[in-house]
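What follows is a short report on a single structure.
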Amino acid sequence: MQTSAQHLERSRAKYNPDIDNEAAQVTAALSLRIVPVTDLVVRLQAAASKTEPDYVVTDDDGQAFGPLFGEHLEPRHGGWR
């Protein structure tokens with residue numbers, strides 16, 4: 001998940017170079033603070049791990065989704081590079 005987050009951060013900066021300035025303006029206007037993405041991923045992992053094994057996310061057909069965290073292969077199209 002950290003690898004995916006890093007990829008998304010690079011992609012976000014590439015396609016919207018002003019996004020950091022825009023985020024700073026929004027967070028200041030709302031009296032919020034910007035939390036590093038790595039910290040957000042850690043928080044997400046902690047929250048998601050509290051759901052197992054008692055709660056499993058399923059699709060409309062009842063098939064269980066795999067966990068958000070763990071070993072995942074990079075996309076074959078090379079999107080993480």
Side-chain angles (χ1 to χ4, degrees):
M1 192 61 76
Q2 289 288 3
T3 302
S4 294
Q6 291 169 3
H7 165 69
L8 291 172
E9 284 286 293
R10 286 191 305 271
S11 177
R12 182 184 79 146
K14 177 180 177 182
Y15 294 107
N16 188 353
D18 294 330
I19 198 157
D20 288 333
N21 291 333
E22 294 167 356
Q25 290 174 4
V26 170
T27 56
L30 297 174
S31 300
L32 299 173
R33 66 182 181 89
I34 296 177
V35 178
V37 173
T38 53
D39 293 354
L40 296 174
V41 173
V42 169
R43 291 180 189 180
L44 176 61
Q45 185 173 14
S49 68
K50 291 179 182 177
T51 64
E52 296 175 343
D54 298 327
Y55 182 77
V56 177
V57 179
T58 59
D59 64 14
D60 292 338
D61 297 324
Q63 293 292 321
F65 286 98
L68 286 174
F69 296 87
E71 295 298 319
H72 298 282
L73 300 175
E74 290 189 28
R76 283 186 238 163
H77 58 76
W80 288 4
R81 291 175 179 43

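The residues of the chain are indexed from 1 along the displayed sequence.
In this structure, P17 has no side chain to side chain contact (heavy atoms under 4.5 Å, CB included) partners at least two apart in sequence or on a different chain. Qualifying side chain to side chain contact (heavy atoms under 4.5 Å, CB included) partners for N21, counting only residues two or more places apart in sequence or in other chains: none. Every residue two or more places apart in sequence or in another chain that forms a side chain to side chain contact (heavy atoms under 4.5 Å, CB included) with A5 is listed here: V37, V41. Listed by chain and number, the residues in a side chain to side chain contact (heavy atoms under 4.5 Å, CB included) with D18 are N16, E22 (sequence neighbours excluded). With sequence neighbours left out, R12 forms a salt bridge (Lys or Arg N to Asp or Glu O under 4.0 Å) with E9, D20.
Through chains of ILVMFWY side-chain contacts below 4.5 Å, L32 is grouped with V26, L30. With a 4.5 Å cut-off between side-chain heavy atoms of Ile, Leu, Val, Met, Phe, Trp and Tyr, the cluster of I19 takes in none. The hydrophobic cluster containing L8, built from Ile/Leu/Val/Met/Phe/Trp/Tyr side-chain heavy atoms closer than 4.5 Å, comprises no other residue.
Here T38 contributes atom OG1 and M1 contributes atom CE; the two are 14.0 Å apart, rounded to the nearest 0.5 Å.
Listed for the S11 side chain is no donor-acceptor partner under 3.5 Å among the backbone atoms of H7.
Listed by first and then second residue, the salt bridge (Lys or Arg N to Asp or Glu O under 4.0 Å) pairs involving residues 23-46 amount to none (not counting sequence neighbours). Annotation: salt bridge (Lys or Arg N to Asp or Glu O under 4.0 Å) contacts involving residues 57-67, sequence neighbours excluded, are absent.
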